[in-house]
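Owing to the predicted nature of the structure, the values given are computational and were not obtained by experimental measurement.
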Amino acid sequence: MTIHLPDGAGGLRAYEPRTEPLALTPGAPLTSRTVFSAAHVVADPYADVTPDAPAAVDWDATLAFRRHLWSHGLGVAEAMDTAQRGMGLDWAGAAELIRRSAAEARAVGGRIACGVGTDQLAGGRPHGLREIRAAYEEQLALVEESGAQAILMASRALAAAAEGPEDYLEIYGHLLRQAAEPVVLHWLGPMFDPALEGYWGSSDLDAATATFLEVVAAHPDKVDGVKISLLDARREVDLRRRLPEGVRCYTGDDFHYPELIAGDDQGFSHALLGIFDPLGPLAAEAVRVLDTGDTAGFRALLDPTVELSRHLFQAPTRFYKTGVVFLAWLAGHQSHFTMVGGLQSARSLPHFARAYELADGLGLFPDPKLAEERMRTLLSLYGVTR
């Protein structure tokens with residue numbers, strides 16, 4: 001049955017939804033690549049909260065989504081920017097999320113890594129390096145106590161306080177020396193968070209890369225891998241080739257992930273991606289094909305998803321979480337389209353319509369009819385009656 005979607009120019013266009021989903025079921029564990037999906041949180045739609053109040057989380061639905069990802073062989077990257085860290089989810093909420101998800105991971109045998117940052121520090125005022133280091137230490141201790149792997153995330157407070165590369169070398173060196181197990185270092189570009197402009201001590205990416213690699217080279221035994229989120233495939237490949245032996249590169253490039261994961265004759269990237277939240281089952285199936293040595297088959301499955309990913313991550317890129325949660329609602333992973341911080345308002349109706357069309361065309365919705373009904377409900381709320 002035809003559905004009429006807004007075209008972004010004030011009109012409507014007809015779209016014929018597919019009737020059958022892509023057949024994707026859990027399979028063998030992934031072997032050739034380590035793959036994490038950064039996972040979103042499900043808001044409690046009945047909570048009486050304002051956008052700037054502490055997040056009210058539906059814990060049952062949030063943990064159920066993580067079990068969905070684990071069932072397909074994916075690892076979960078928890079309490080990252082996909083979970084709205086710093087955009088609706090404060091440190092108290094993130095700490096509870098880490099505790100609950102880590103316990104769930106132990107119960108089901110799922111792989112989990114959790115974000116370590118400094119977001120307990122109050123915004124609106126500067127913080128000294130000692131205070132920033134203590135904030136990092138507090139979060140690192142909680143993640144390690146939970147039994148999860150640590151991901152050292154970029155810090156807005158450090159970006160504001162650091163006077164040059166030496167401050168990054170001091171802070172990260174201290175944290176790596178005290179980490180109990182190898183961590184993942186996360187370089188998040190300013191397109192994901194404008195407050196991180198000039199991270200690693202320079203807005204010149206070549207200079208920033210040199211500092212980043214200096215951190216890794218000084219502590220290779222404490223770095224499991226690096227996660228690069230710069231949306232620059234060439235730069236990621238160059239950095240990947242300069243890593244010490246045994247240190248992995250986890251792509252965070254939601255524009256070029258098929259080619260980066262497939263790799264070349266000099267290496268490949270593993271993955272830690274927000275787009276693998278809506279793509280989870282399909283991404284896992286593609287990597288299983290890659291596990292057999294069939295690179296062409298892997299690309300045939302994953303390349304068609306890039307258009308959807310580029311759409312969700314279009315500027316302002318930091319609002320990609322809205323599209324991720326929207327697709328989770330359409331797919332039946334949650335009963336509502338409400339987000340912590342009221343972030344469901346961050347994208348337009350034409351943006352949602354295109355996301356629905358692209359995801360439906362890929363067969364991502366387990367129940368296409370449910371997805372269509374929910375899309376029609378959203379359209380009616382916006383006054384579209386055809």
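Thr322 places a side-chain N or O within donor-acceptor distance of the main-chain N or O of Leu343, the cut-off being under 3.5 Å. At least one donor-acceptor pair under 3.5 Å links the side chain of Trp70 to the backbone N or O of Arg111. With Thr377 contributing its side chain and Glu373 its backbone, the two residues share a donor-acceptor pair below 3.5 Å. Listed for the Ser101 side chain is no donor-acceptor partner under 3.5 Å among the backbone atoms of Ile98. The main-chain N or O of Leu169 is never found under 3.5 Å from a side-chain atom of Glu214 such that the two would form a donor-acceptor pair. At distances below 3.5 Å, at least one donor-acceptor pair connects side-chain atoms of Arg85 with backbone N or O atoms of Ala79. Panel note: side chain Gln334, backbone Val42; no donor-acceptor pair is recorded below 3.5 Å. Listed for the Asp303 side chain is no donor-acceptor partner under 3.5 Å among the backbone atoms of Pro258. At distances below 3.5 Å, not a single donor-acceptor pair connects side-chain atoms of Asp294 with backbone N or O atoms of Leu290. Judged purely by atom type and a 3.5 angstrom limit, Lys227 has no side-chain atom pairing as donor or acceptor with the backbone of Tyr250.
Side-chain contact of Ser309 with Asp254: a donor-acceptor pair under 3.5 Å is absent, judged by distance alone. Under 3.5 Å, the side chains of Thr338 and Gln344 contain no donor-acceptor pair of N or O atoms. If you check the side chains of Glu197 and Ser203, you find a donor sitting under 3.5 Å from an acceptor. Between the side chains of His256 and Arg310, a donor-acceptor pair is found at a separation under 3.5 Å. There is no side-chain donor-acceptor pair under 3.5 Å between Tyr257 and Ser269. Between the side chains of Asp90 and Gln120, not a single donor N or O lies within less than 3.5 Å of an accepting N or O. Inspection of the Tyr320 and Asp81 side chains reveals an N or O donor paired with an N or O acceptor under 3.5 Å. Side chain to side chain, Thr251 and Glu236 meet the donor-acceptor criterion of an N or O pair below 3.5 Å. Between the side chains of His174 and Gln178, at least one donor-acceptor pair of N or O atoms lies under 3.5 Å. No hydrogens or angles considered: a donor-acceptor pair under 3.5 Å links the side chains of Asp52 and Thr50.
Between Asp360 and Pro368, the closest heavy-atom pair is OD1-CB, 4.3 Å. A pairwise comparison of heavy atoms in Ile132 and Ala161 identifies CD1-CB, 3.7 Å as the closest pair.
In this structure, the side chains of Val247 and Asp224 stay at 4.5 Å or more apart for every pair of heavy atoms. Side-chain contact between Leu239 and Phe212 is present, with heavy atoms from C-beta onward closer than 4.5 Å. By the 4.5 Å heavy-atom criterion applied to side chains, Val183 and Ile151 are not counted as neighbours. At a threshold of 4.5 Å between non-hydrogen side-chain atoms, the residues Glu245 and Pro220 do not count as touching. For the pair Thr211/Ser202, no side-chain contact is recorded, criterion being any heavy-atom separation below 4.5 Å from C-beta on. Val143 has its side chain out of reach of Gln139: every pair of non-hydrogen atoms, C-beta onward, lies at least 4.5 Å apart. Side-chain contact between Met375 and Leu5 is present, with heavy atoms from C-beta onward closer than 4.5 Å. Looking only at side-chain heavy atoms (C-beta outward), Met191 and Leu231 come within less than 4.5 Å of each other.
Going from atom CG of Leu196 over to atom NE2 of His186 covers 9.0 Å, rounded to the nearest 0.5 Å. One finds the CG atom of Leu230 at 8.5 Å from the CG atom of Leu188 (value rounded to the nearest 0.5 Å). Expressed to the nearest 0.5 Å, how far OG1 of Thr62 lies from CZ of Arg67 amounts to 10.5 Å. Between the NZ atom of Lys321 and the CG atom of Leu312 there is a distance of 12.5 Å, given to the nearest 0.5 Å. In this structure, CD on Glu78 lies 3.5 Å from CG on Leu97, to the nearest 0.5 angstrom. Distance check, rounded to the nearest 0.5 Å: CG of Asp58 to NE2 of His336 gives 5.5 Å.
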Phe313/His311 under ring pair (Phe, Tyr, Trp, His ring centres under 6.0 Å): CA gap, chis, key distance, verdict = CA-CA 6 Å; Phe313 284 78; His311 177 72; over 10 Å; no
Applying side-chain contact (heavy atoms from CB on, under 4.5 Å), run through Val226 and Val184 and close with a yes or a no.
-> CA-CA 5 Å; Val226 300; Val184 176; 5.9 Å; no
Check the pair Ser155, Tyr136 against side-chain contact (heavy atoms from CB on, under 4.5 Å), reporting the backbone distance first and the verdict last.
-> CA-CA 9 Å; Ser155 163; Tyr136 263 129; 3.3 Å; yes
Start with the C-alpha gap between His40 and Gln84, add the side-chain angles, then the distance that decides, and say whether side-chain contact (heavy atoms from CB on, under 4.5 Å) holds.
-> CA-CA 7 Å; His40 74 279; Gln84 294 180 243; over 6 Å; no
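For the pair Arg100 and Glu104, the salt-bridge criterion is not met [side-chain N within less than 4.0 Å of a carboxylate O]. Contact check on Glu131 versus Arg125 returns a salt bridge, with a Lys/Arg side-chain nitrogen under 4.0 Å from an Asp/Glu carboxylate oxygen. A salt bridge is defined here as a Lys NZ or Arg NE, NH1 or NH2 lying under 4.0 Å from an Asp or Glu carboxylate O, and Glu170 with Arg133 meets this definition. The pair Arg177-Asp221 does not meet the salt-bridge criterion, since no charged nitrogen lies less than 4.0 angstrom from a carboxylate oxygen. A salt bridge links Glu357 with Arg354: at least one charged nitrogen is closer than 4.0 Å to a carboxylate oxygen. Salt-bridge formation is detected for the pair Asp238/Arg242: a Lys NZ or Arg NE/NH1/NH2 atom is positioned less than 4.0 Å from an Asp or Glu carboxylate oxygen. Taking the charged nitrogens against the carboxylate oxygens, Arg240 and Asp264 do have a contact shorter than 4.0 Å, which makes a salt bridge. By the 4.0 Å N-to-carboxylate-O rule, Arg156 lies close enough to Asp193 to be salt-bridged with it.
Applying the 6.0 Å contact sphere to CG of Asp48 captures no more than 12 heavy atoms from other residues, nucleotides or ligands. Counting heavy atoms of neighbouring residues, nucleotides and ligands inside a 6.0 Å radius, atom CD of Glu16 exceeds 12 of them.
Using the six-membered ring where Trp is involved, His68 and Phe65 have ring planes that are tilted, between 30° and 60° apart. Aromatic ring pairs are classed by plane angle as parallel below 30°, tilted from 30° to 60° and perpendicular above 60°; the pair Phe365 and Tyr356 is parallel. Taking the six-membered ring for Trp and thresholds of 30 and 60 degrees, Tyr199 and Tyr168 have ring planes more than 60 degrees apart, a perpendicular arrangement.
One hydrophobic cluster holds both Phe276 and Leu330 under the rule that ILVMFWY side chains link at heavy-atom gaps under 4.5 Å. Both Leu30 and Phe298 belong to a single network of hydrophobic side chains, linked directly or stepwise wherever heavy atoms of I, L, V, M, F, W or Y lie under 4.5 Å apart. The hydrophobic cluster containing Phe255 also contains Leu282, counting ILVMFWY residues as joined when their side-chain heavy atoms lie under 4.5 angstrom apart, directly or transitively.
Trp200 has its ring centre less than 6.0 Å from the ring centre of Tyr172.
Looking at Phe326, Tyr382, Trp329 one by one, the single match for ring pair (Phe, Tyr, Trp, His ring centres under 6.0 Å) with Phe352 turns out to be Phe326.
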